[in-house]
Amino acid sequence: MSGNTIVMKPSRVSMQCGIEMEKAFTESGFPEGIFQTVVGSVDSANHLRESGVSAVTFTGSTDAGAKVAERASANLKKCV
């Protein structure tokens with residue numbers, strides 16, 4: 001992972017997927033905290049995006065993606 005960590009905020013319709021991914025990372029021997037899942041609302045995602053993270057990756061609708069990119073770029077964060 002080259003010193004990077006992942007914080008994932010899955011969609012409300014696929015929360016269990018994120019939880020299972022975190023479990024798979026832990027069970028495969030990655031150090032605790034390398035992959036973390038946040039279960040929460042859009043407000044949780046906004047808080048994460050505006051925090052100290054250095055990059056944001058988004059999968060979802062074009063409209064929502066445009067909003068994510070706009071906010072990420074306002075804080076000079078890489079956005080995919």
Side-chain angles (χ1 to χ4, degrees):
M1 298 294 292
S2 300
N4 295 316
T5 60
I6 298 170
V7 179
M8 177 180 179
K9 193 286 186 193
S11 164
R12 68 181 186 280
V13 297
S14 62
M15 283 188 256
Q16 191 62 39
C17 181
I19 292 167
E20 294 300 321
M21 287 176 67
E22 181 176 347
K23 193 159 110 180
F25 270 81
T26 301
E27 290 175 356
S28 67
F30 279 84
E32 190 171 329
I34 290 291
F35 186 103
Q36 299 175 46
T37 303
V38 173
V39 176
S41 65
V42 172
D43 290 334
S44 300
N46 290 339
H47 177 72
L48 284 171
R49 186 180 51 248
E50 293 167 7
S51 70
V53 300
S54 27
V56 175
T57 302
F58 175 80
T59 304
S61 72
T62 303
D63 290 338
K67 290 176 186 173
V68 168
E70 179 181 1
R71 286 189 173 185
S73 65
N75 294 310
L76 299 176
K77 296 181 188 290
K78 296 176 188 173
C79 185
V80 178

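Just so we're clear, the structure is a prediction, and the values are computed from it rather than from any experiment. Computed from heavy atoms alone, side chains included, the values below leave out hydrogens, waters and symmetry copies.
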*In the single-linkage hydrophobic clustering (I, L, V, M, F, W, Y; side-chain heavy atoms under 4.5 Å), do M21 and M15 co-cluster?*
no
*CD1 of I19 to CD of Q16: how many Å apart, nearest 0.5 Å?*
4.5 Å
*Considering non-hydrogen atoms only, spot the tightest contact between S14 and P10 and give its length.*
O-CB, 3.7 Å
Show the atom names and distances, to 0.1 Å, of all donor-acceptor pairs under 3.5 Å that link a side chain in residues 29-41 to residues at least two apart or in another chain.
from: Q36; atom 1: NE2; to: G33; atom 2: O; distance (Å): 2.9
from: T37; atom 1: OG1; to: G18; atom 2: O; distance (Å): 2.8
from: T37; atom 1: OG1; to: E22; atom 2: OE1; distance (Å): 3.1
from: S41; atom 1: OG; to: D43; atom 2: N; distance (Å): 3.2

